[in-house]
Amino acid sequence: MLSDVGSAVLIAICTAAIITSAIVFLTLLAFACFQRRETQKHQNEARAIKNGDICSIWNYDGRIAYEDIIKATNDFDIKYCIGTGGYGSVYRAQLPNGKIVALKKLHRFEAEEPAFDKSFRNEVQMLTNIRHRNIVKLYGFCLHNKCMFLVYEYMERGSLFYALRTDVEAVELGWTQRVNIIKAIAHALSYLHHDCTPPIVHRDISSNNILLNSELETFVSDFGTARLLYPDASNQTVIAGTYGYIAPGSKNLPILWL
């Protein structure tokens, strides 16, 4: 009788040990597979960025997301365009889930220019690695030889330049709001300079690249000319930025104060 009880206990212990071992093994295996998949995903994305053929938007399947954006803008119809610059155009799009985003699309002619192509890819690499409450969010991007665009958080009030240029909005921006805007920009730059490794220099802080949402919260945007400052490098570079906003000392160009 005791022998039977002992055998049953022994069998139960062995069974529990086997089950526990199996659970631990499967958990480790699942974790290893997840880590391998994530590593491979990042490697594939890096390779795709280099080769110029990637569409990565949230956790969407790239193809579905691309088709959603084409449909939301009617293949980038001009009626959805909310701004135009030297690089291309910005569009407003409402996705199937109801979310409104801003699309910064590089025109095909500009996409063939090495400088614009480099600037676009530089912005993707910068914004996918930084997170700050006063830096515009990059939700996704499509880097392809035939179609290149970035998907951003939508800013209802547009740029600070537009707000200051429009009489009604300029009056709304009282001294308190303007001080808050300056503080937000300072927080963003402090994060880039001191909390990023290596530090990042934006190199084009102008009123066109400061965006405001519906609550007049401030966001730094346009990292096309941003640069990483490696400690072992000389960090010498050519002058970059918007004329009128380049810091004093850069070939004695004037600075425009807000």
Side-chain angles (χ1 to χ4, degrees), residues 34-62 65-66 69 85 87-88 90 95 99 101-106 111 114-145 147-155 159 184-206 208-211 213 217-238 240-242:
F34 174 78
Q35 288 291 97
R36 181 178 180 182
R37 184 173 59 183
E38 287 297 306
T39 300
Q40 187 174 8
K41 176 184 176 182
H42 291 307
Q43 290 176 345
N44 289 340
E45 287 185 356
R47 189 180 305 111
I49 290 175
K50 182 178 179 180
N51 295 335
D53 186 11
I54 185 171
C55 182
S56 174
I57 304 173
W58 300 284
N59 294 321
Y60 282 43
D61 172 76
Y66 178 81
I69 287 172
Y87 54 83
V90 178
L95 299 179
K99 192 173 188 66
V101 297
L103 305 173
K104 181 178 176 180
K105 182 178 182 294
L106 194 65
F116 287 108
D117 180 86
K118 181 180 179 180
S119 176
F120 236 59
R121 295 174 188 277
N122 187 64
E123 188 156 4
V124 169
Q125 292 176 340
M126 291 292 176
L127 289 178
T128 51
N129 292 317
I130 57 179
R131 295 288 185 276
H132 190 272
R133 65 183 179 277
N134 297 120
I135 294 178
V136 68
K137 294 181 179 64
L138 178 69
Y139 288 141
F141 54 90
C142 178
L143 298 182
H144 191 279
N145 294 333
C147 186
M148 299 177 66
F149 60 82
L150 309 180
V151 186
Y152 289 104
E153 178 181 11
Y154 178 67
M155 297 294 165
S159 70
I185 297 171
H187 285 311
L189 294 179
S190 177
Y191 165 79
L192 294 172
H193 296 172
H194 303 292
D195 297 327
C196 293
T197 305
I200 298 173
V201 178
H202 186 282
R203 300 205 299 167
D204 194 14
I205 296 295
S206 72
N208 280 306
N209 296 330
I210 304 301
L211 305 180
N213 66 10
E217 294 176 323
T218 307
F219 300 84
V220 174
S221 68
D222 199 341
F223 283 72
T225 60
R227 182 178 178 186
L228 298 171
L229 292 184
Y230 293 100
D232 297 331
S234 66
N235 293 324
Q236 293 180 352
T237 182
V238 296
T242 301

Q: Could you tell me whether the side chain of H202 and the main chain of D222 form a donor-acceptor pair under 3.5 Å?
A: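 The answer is yes, because a donor-acceptor pair under 3.5 Å joins these two groups.
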Margin query: Strictly distance-based, threshold 3.5 Å: is any side-chain N or O of N134 a donor or acceptor partner for the main-chain N or O of T218?
Written below: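 Side chain of N134 to backbone of T218, a donor-acceptor pair under 3.5 Å: yes, one is there.
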What residues form a ring pair (Phe, Tyr, Trp, His ring centres under 6.0 Å) with Y191, not counting sequence neighbours?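 Applying ring pair (Phe, Tyr, Trp, His ring centres under 6.0 Å) to Y191 gives H132.
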So do the side chains of [X] and [Y] get within less than 4.5 Å of each other, counting heavy atoms only?
| X | Y | answer |
| --- | --- | --- |
| I200 | N129 | no |
| I69 | V151 | yes |
| C196 | I130 | yes |

By side chain to side chain contact (heavy atoms under 4.5 Å, CB included) - contacts of [X] (at least two apart):
| X | result |
| --- | --- |
| S190 | H194 |
| S221 | V136, N209, L211 |
| N213 | M155, E156, E215, E217, F219 |

Let me confirm one number: the [atom1]-[atom2] distance from [X] to [Y], rounded to the nearest 0.5 Å.
| X | Y | atom1 | atom2 | value |
| --- | --- | --- | --- | --- |
| F223 | R203 | CZ | CZ | 12.5 Å |
| C142 | L103 | SG | CG | 10.5 Å |
| L138 | L150 | CG | CG | 6.0 Å |

For Y152, check side chain to side chain donor-acceptor pair (under 3.5 Å) against everything at least two apart and list the hits.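 E123.
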For D195, side chain to side chain donor-acceptor pair (under 3.5 Å) partners two or more places apart: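 With sequence neighbours excluded, D195 shows a side chain to side chain donor-acceptor pair (under 3.5 Å) to no residue whatsoever.
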request  = Indicate the atoms forming the closest heavy-atom contact of S119 with G224, along with that distance.
outcome  =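 Smallest interatomic distance, heavy atoms only, reads OG-CA, 3.2 Å.
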Fill in: Least distance between heavy atoms, S159 atom then N208 atom
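That closest heavy-atom pairing would be CB-O, 3.7 Å.
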Item checked: Pairs flagged by salt bridge (Lys or Arg N to Asp or Glu O under 4.0 Å) wherever residues 128-139 is involved - sequence neighbours left out ->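 Listed once each, the pairs are K137-E153.
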